[in-house]
Amino acid sequence: MSLGRPAWREARETLQTLLSATGPSVLRDNAALRASALVPLASVTYHLPATIGDYTDFYASKEHATNVGVMFRGKENALMPNWVHIPVGYHGRASSVVITGTPLKRPSGLILDPVTKKPYYSACKKLDFELEVAFLVGTGNELGKPIPINKADEHIFGMVLMNDWSARDIQQFEYVPLGPFLGKNFGTTISPWIVTLDALESFRVAQPTPDTIPADYLRGGDADAYDVSLQVLIKPDGAAAPTPISTSNLKYMYWSFKQQLAHHSVNGCNMRTGDLCGSGTISGPVSFF
């Protein structure tokens, strides 16, 4: 990942050639080599795809920011004034980023009693999931040297699916004035496979129309969003099969990954190989269920 995009492309093209039905026969026609080089998926043990040194979660879906704002502040103050000007984010806990399927314990903390208006210690009663896509930084930048938005693609290695588990009742009591803490840092799960930007190139589309003209450093290209369908299924204990409960699409994200990375580093913050940046929950303008 740290070698840069030319190396990423060479590795991807080499793998595609080796695994192609019409490519060189070095692997296809060599049973002994296939037996040693290829592992059945059923026998694979998955691991984190990178060493994650830092983790940042953004809040890039306008619909989600509005929904959470209504939940915490009411309809009148749902979307904060700064939201349409900057990709809002918070620094999460990298140590509790784990692979999908890792068991997580229900968190406990202080929750506000709606009747007495006093906090009490309890296990979370409003445990929530968040359908997210995250990107992993491939090559970083020097401290004090921002990543310009027109170079952001050269620094983003690829994307993973992410679930930033959320204890909403704990979060609601703690989030003023500095944002999420215990309501978020108990666990974040990501998929083991990274899909590179080159693999997603044909899915690029235009972003949603912005409410305001963004600052110069946030002005990207004409097709910085990705048309990727997303779905959430829940399988309760004892259920025979999972049930789909939500669908969305990455193209609904108001702030692109390029804008998120440009904003993250515009103050000179130095990004490093393996840094994880989440999109925030990807809601959308259409309800499917």
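Predicted, not measured: the structure shown is a model, and the values here were computed from it.
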Open item on the list: Within a 6.0 Å radius of atom CZ on Arg219, are there more than 12 heavy atoms belonging to other residues, nucleotides or ligands?
Closed with: yes
- [ ] Look at the side-chain heavy atoms of Ile, Leu, Val, Met, Phe, Trp and Tyr, link any pair under 4.5 Å apart, and say whether Leu197 and Ile149 land in one connected group.
- [x] no
- [ ] Using only heavy-atom distances, determine whether the side chains of Glu10 and Thr14 contain a donor-acceptor pair under 3.5 Å.
- [x] yes
- [ ] Answer yes if Leu218 and Val84 sit in the same cluster of Ile, Leu, Val, Met, Phe, Trp and Tyr residues linked by side chain heavy atoms under 4.5 Å apart, and no otherwise.
- [x] yes
Open item on the list: So which atom in Ala65 and which in Trp83 form the shortest heavy-atom distance, rounded to 0.1 Å?
Closed with: CB-NE1, 3.5 Å
Open item on the list: Any non-hydrogen side-chain atom of Ile282 less than 4.5 Å from a side-chain atom of Leu250?
Closed with: yes
TODO: Measure across Pro192 and His47 and return the closest heavy-atom pair with its distance rounded to 0.1 Å.
DONE: CB-O, 3.8 Å
Open item on the list: Within this structure, what is the CZ-CG distance for the pair Phe157 and Leu136, rounded to the nearest 0.5 Å?
Closed with: 8.5 Å
TODO: Go through Arg168 and Glu130 one step at a time and tell me if the salt bridge (Lys or Arg N to Asp or Glu O under 4.0 Å) criterion holds.
DONE: CA-CA 11 Å; Arg168 295 298 185 198; Glu130 293 195 330; 2.7 Å; yes
- [ ] Of all the heavy-atom pairs spanning Val26 and Asn30, show the shortest one and how long it is.
- [x] O-CB, 3.3 Å
Task: side-chain hydrogen bond (donor to acceptor under 3.5 Å, both in side chains) between Ser283 and Thr281, intermediate numbers included - done: CA-CA 6 Å; Ser283 299; Thr281 295; 5.9 Å; no
TODO: Determine whether Ile234 and Leu230 fall in the same hydrophobic cluster, where Ile, Leu, Val, Met, Phe, Trp and Tyr are linked whenever their side-chain heavy atoms lie under 4.5 Å apart.
DONE: yes
Open item on the list: Measuring centre to centre across the rings, with the benzene-like ring taken for any Trp, is Tyr55 within less than 6.0 Å of His91?
Closed with: no
Open item on the list: With a 6.0 Å cut-off (strictly less than), is the heavy-atom count around CG of Leu178, excluding the residue itself, greater than 12?
Closed with: no
Task: Phe181 CZ: over 12 foreign heavy atoms closer than 6.0 Å - done: no
Task: Inter-residue atom distance Arg12.CZ - Thr196.OG1, 0.5 Å rounding - done: 4.5 Å
Open item on the list: Taking atom CG as the centre, does Asn267 end up with more than 12 heavy-atom neighbours from other residues, nucleotides or ligands that are less than 6.0 angstrom away?
Closed with: yes
- [ ] Using the rule that two of Ile, Leu, Val, Met, Phe, Trp, Tyr join whenever any of their side-chain heavy atoms come within less than 4.5 Å, decide whether Trp8 and Ile194 are in one cluster.
- [x] yes
Task: Minimum side-chain heavy-atom gap Ser122-Leu110 below 4.5 Å - done: no
- [ ] For Ile213, look at atom CD1 and say whether over 12 heavy atoms of other residues, nucleotides or ligands are found less than 6.0 Å away.
- [x] no
- [ ] Any chance you could measure His85, atom NE2, to Trp255, atom CH2, to the nearest 0.5 Å?
- [x] 8.5 Å
TODO: State yes or no: do Met253 and Ile190 share one hydrophobic cluster built from I, L, V, M, F, W and Y residues joined by side-chain heavy-atom distances below 4.5 Å, directly or via other members?
DONE: no
Task: Rounded distance (nearest 0.5 Å) linking atom CZ of Arg106 with atom SG of Cys124 - done: 5.5 Å
TODO: Using only heavy-atom distances, determine whether the side chains of Tyr252 and Asp227 contain a donor-acceptor pair under 3.5 Å.
DONE: no
TODO: Please name the pair of heavy atoms, one in Asp54 and one in Arg272, separated by the smallest distance, quoted to 0.1 Å.
DONE: OD2-NH2, 2.9 Å
Open item on the list: Around atom NZ of Lys125, are there more than 12 heavy atoms from other residues, nucleotides or ligands closer than 6.0 Å?
Closed with: yes
Task: Ionic contact status for Asp224 with Lys251, cut-off 4.0 Å - done: no
Task: Residue that, paired with Tyr254, satisfies side chain to side chain contact (heavy atoms under 4.5 Å, CB included) out of Pro210, Ser61, Pro87 - done: Pro210
TODO: For Tyr46, look at atom OH and say whether over 12 heavy atoms of other residues, nucleotides or ligands are found less than 6.0 Å away.
DONE: yes
Task: Side-chain donor-acceptor pair present, Trp165, Thr188, cut-off under 3.5 Å - done: no
Open item on the list: Which heavy atom of Gln260 sits nearest to which heavy atom of Phe135, and what is that distance?
Closed with: OE1-CE2, 4.0 Å
Task: Heavy-atom pair of closest approach, residues Cys269 and His264 - done: CB-O, 3.3 Å
TODO: Return yes when atom NZ of Lys235 has more than 12 non-hydrogen atoms of other residues, nucleotides or ligands closer than 6.0 Å, and no otherwise.
DONE: yes
Open item on the list: For His263 and Tyr217, take the angle between the two ring planes, folded into 0 to 90°, and tell me which bin it lands in: parallel under 30, tilted 30 to 60, perpendicular over 60.
Closed with: parallel
